[in-house]
Number of protein chains: 2
Amino acid sequence: MIRVVIADDHPIVRAGLKALFSIEPDIEVVAEAATPQEALEASVRENPDVVLMDLQFGSGETTTGAGATRTIRALDAAPYVLVLTNYDSDADILGAVEAGASGYLLKDAPPHELINAVRAAAAGESALAPVIASRLMNRMREPRVSLSSREIEVLEQVGAGRTNQEIAGTLFISETTVKSHLAHIFSKLDVASRTAAVSVARQQGILR
Amino acid sequence: MIRVVIADDHPIVRAGLKALFSIEPDIEVVAEAATPQEALEASVRENPDVVLMDLQFGSGETTTGAGATRTIRALDAAPYVLVLTNYDSDADILGAVEAGASGYLLKDAPPHELINAVRAAAAGESALAPVIASRLMNRMREPRVSLSSREIEVLEQVGAGRTNQEIAGTLFISETTVKSHLAHIFSKLDVASRTAAVSVARQQGILR
DNA sequence: CCGGGAGTCGTCCTTTCGGAGGATGGGTGC
DNA sequence: GCACCCATCCTCCGAAAGGACGACTCCCGG
């Protein structure tokens with residue numbers, strides 16, 4: 001029997017997952033969590049085989065889904081974590097994999113794909129949704145520009161409409177440094193202006 | 001007995017809604033639809049009391065959720081349509097109301113709110129999620145900025161990362177005019193730069 | 001141990017953007 | 001006909017952004 005914890009802030013999604021798993025004789029939902037904290041507590045308490053983890057939780061949460069994944073994976077006899085989310089942005093996928101997720105599924109996936117992924121995860125295998133898999137393939141094939149974390153940080157501020165001066169202020173660096181980062185970003189993304197950089201970054205899933 | 005049709009492209013969400021309604025003795029799910037087209041067909045065939053309609057359907061759909069809502073509301077003995085979606089952007093809300101929806105709910109709403117909304121809709125009443133209601137109140141209180149179609153056109157170009165000169169070229173106007181439009185946009189959105197304008201416009205659902 | 005990338009800071013210079021102000025013509029509504 | 005909004009165009013000017021140099025740390029991997 002595969003023991004599963006569901007972590008998602010949408011009651012509807014939790015009910016849906018429970019309903020889907022209730023049909024499967026070898027899968028049992030042992031706990032539900034509406035916040036990352038609850039997910040961690042449930043993982044410690046129930047010691048499940050698999051945790052289904054959403055990445056986006058409602059505002060007001062201190063921890064993110066990725067953060068919770070990282071913490072859970074650091075437990076003794078840690079359960080496998082399957083990330084289940086709406087978006088397939090590169091940043092999210094990479095963040096999830098980095099945090100130790102053994103699978104990445106989209107919420108519009110057909111149920112059987114989900115069930116298979118749970119079984120695969122419980123067996124210690126990796127399970128990526130086909131969409132995600134092909135996305136990663138593309139990334140490998142065409143060596144994607146990768147921005148450093150600092151550069152992404154700067155770019156996020158730009159996307160929020162801040163000026164270089166303001167960005168310098170919030171990141172505690174000089175305006176010169178901000179412009180330097182931006183120059184690197186521009187050349188990496190092959191653009192000539194901040195707005196174009198934001199636009200391209202959005203398309204490539206670097207920014208949300 | 002309230003007869004309900006569920007239209008959502010996520011199997012998980014459909015399962016969740018079905019599970020939630022199965023507990024209620026007076027609500028019956030008579031059909032599920034994974035596309036706007038199926039939603040219309042089911043509405044004609046089953047003649048339900050209420051249609052639960054998602055606004056976002058997977059890519060590749062010709063009709064949108066709002067379009068399907070409009071069509072369904074034009075039927076003889078049309079069912080009431082409850083819009084159920086993830087986002088609360090102004091554009092979405094207004095579009096849904098305009099299309100004839102009698103309610104607007106968010107997917108992270110607590111189940112009882114959802115159930116109540118279905119009963120209210122079946123009785124011909126309007127049901128807005130509290131979050132949405134207060135949003136509309138704010139809108140009324142603070143007369144919302146509305147950009148002219150030309151201004152939106154310019155702002156889209158800005159969001160795509162084009163310079164004023166490029167925008168002038170593609171829209172066949174002088175750069176001066178572009179700047180003039182932008183000046184109006186800035187004052188309407190109460191921002192000071194193009195990137196901030198794009199950011200605010202995105203938040204308010206003016207831009208995608 | 002040395003190279004190179006990342007992050008930090010600087011200067012000088014050019015271009016672009018945005019603010020302020022005004023002007024014209026064409027709609028639409030009352 | 002008048003008011004109002006929109007789209008179009010203009011000038012002048014200060015501020016912001018971006019390009020082109022160089023240079024200093026730190027740290028990782030060959």
Side-chain angles (χ1 to χ4, degrees), chain A residues 90-91 94-95 98 139-140 142-202 204 206-207, chain B residues 90-91 94 139 142-204 206-207:
Chain A
D90 289 6
L94 283 189
E98 223 178 290
R139 145 102 46 136
M140 297 314 231
E142 192 175 321
R144 172 71 55 126
V145 292
S146 75
L147 300 185
S148 72
S149 60
R150 193 57 159 172
E151 285 165 348
I152 291 181
E153 220 169 335
V154 170
L155 194 50
E156 278 171 353
Q157 300 276 324
V158 172
R162 306 227 161 80
T163 67
N164 290 346
Q165 209 173 14
E166 288 169 340
I167 298 172
T170 57
L171 296 186
F172 300 108
I173 55 181
S174 86
E175 191 181 344
T176 316
T177 307
V178 174
K179 291 167 85 168
S180 173
H181 285 311
L182 277 175
H184 291 147
I185 294 171
F186 293 165
S187 89
K188 282 184 182 176
L189 296 183
D190 192 30
V191 297
S193 76
R194 56 211 288 109
T195 48
V198 171
S199 166
V200 169
R202 251 185 247 278
Q204 302 196 351
I206 299 171
L207 284 188
Chain B
D90 290 4
L94 282 189
R139 146 103 45 134
E142 193 174 318
R144 171 60 53 127
V145 292
S146 74
L147 300 186
S148 73
S149 60
R150 194 56 160 172
E151 286 165 346
I152 291 179
E153 218 168 336
V154 170
L155 194 50
E156 279 170 353
Q157 301 276 325
V158 172
R162 306 231 160 79
T163 68
N164 289 347
Q165 206 175 12
E166 288 170 341
I167 298 172
T170 56
L171 295 186
F172 302 108
I173 56 182
S174 90
E175 193 180 342
T176 317
T177 307
V178 174
K179 291 171 75 172
S180 173
H181 285 311
L182 278 175
H184 291 148
I185 294 171
F186 292 164
S187 91
K188 283 184 181 177
L189 296 184
D190 193 29
V191 296
S193 75
R194 55 211 290 110
T195 48
V198 171
S199 167
V200 169
R202 251 185 247 279
Q203 280 179 2
Q204 301 197 351
I206 299 170
L207 284 190

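Just so it is clear: chains get the letters A, B, ... in the order the sequence lines come, proteins before strands, and each one is counted from 1.
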Report summary line: A:I167 atom CD1 is separated from D:dA16 atom P, nearest whole Å, by 13 Å

Query raised in the report: For the pair made of CD in B:E175 and P in D:dC10, what is the distance, rounded to whole Å?
Result: 10 Å

Query raised in the report: Separation of A:D190 atom CG from D:dG18 atom P, in whole Å?
Result: 15 Å

**Report entry** Letter per nucleotide, 5' to 3', of nucleotides 22-30 of chain C [B base touched, S only sugar-phosphate touched, - untouched; heavy atoms, 4.0 Å]
**Finding:** ---------

Query raised in the report: What integer distance in Å separates A:I173:CD1 from C:dA6:P?
Result: 15 Å

**Report entry** Nucleotide C:dG18, atom C1' - distance to CZ of B:F186 in whole Å
**Finding:** 7 Å

Query - Below 4.0 Å: OP1/OP2 of D:dT8 and any side-chain N or O of B:S174 - result: no

Report summary line: Comparing B:L182 with A:H184, nearest DNA chain C nucleotide closer to 5' gives the residue A:H184

Report task. May I ask you to check whether B:S180 and B:T177 show a side-chain donor-acceptor distance below 3.5 Å? Result -> no

Query raised in the report: Contact class for B:A192 (heavy atom, under 4.0 Å): base, sugar-phosphate, or nothing?
Result: sugar-phosphate

Query - Within 6.0 angstrom of B:E175 CD, more than 12 heavy atoms from elsewhere - result: yes

Query raised in the report: To the nearest angstrom, how far is A:R150 atom CZ from C:dC9 atom P?
Result: 9 Å

Query raised in the report: Taking only side-chain nitrogens and oxygens of B:S148, does any of them come within less than 4.0 Å of OP1 or OP2 of D:dA7?
Result: yes

Query raised in the report: Rounded to whole angstrom units, what separation is found between the CZ atom of B:R194 and the P atom of D:dA15?
Result: 20 Å

Query - Touch class at under 4.0 angstrom, heavy-atom based, for B:H181 against every strand present - result: base

Query raised in the report: Can you check whether A:S193 has a side-chain N or O nearer than 4.0 Å to OP1 or OP2 of D:dA17?
Result: no

Query raised in the report: What nucleic acid atoms does A:T176 come within less than 4.0 Å of, heavy atoms only: base, sugar-phosphate, or nothing?
Result: base

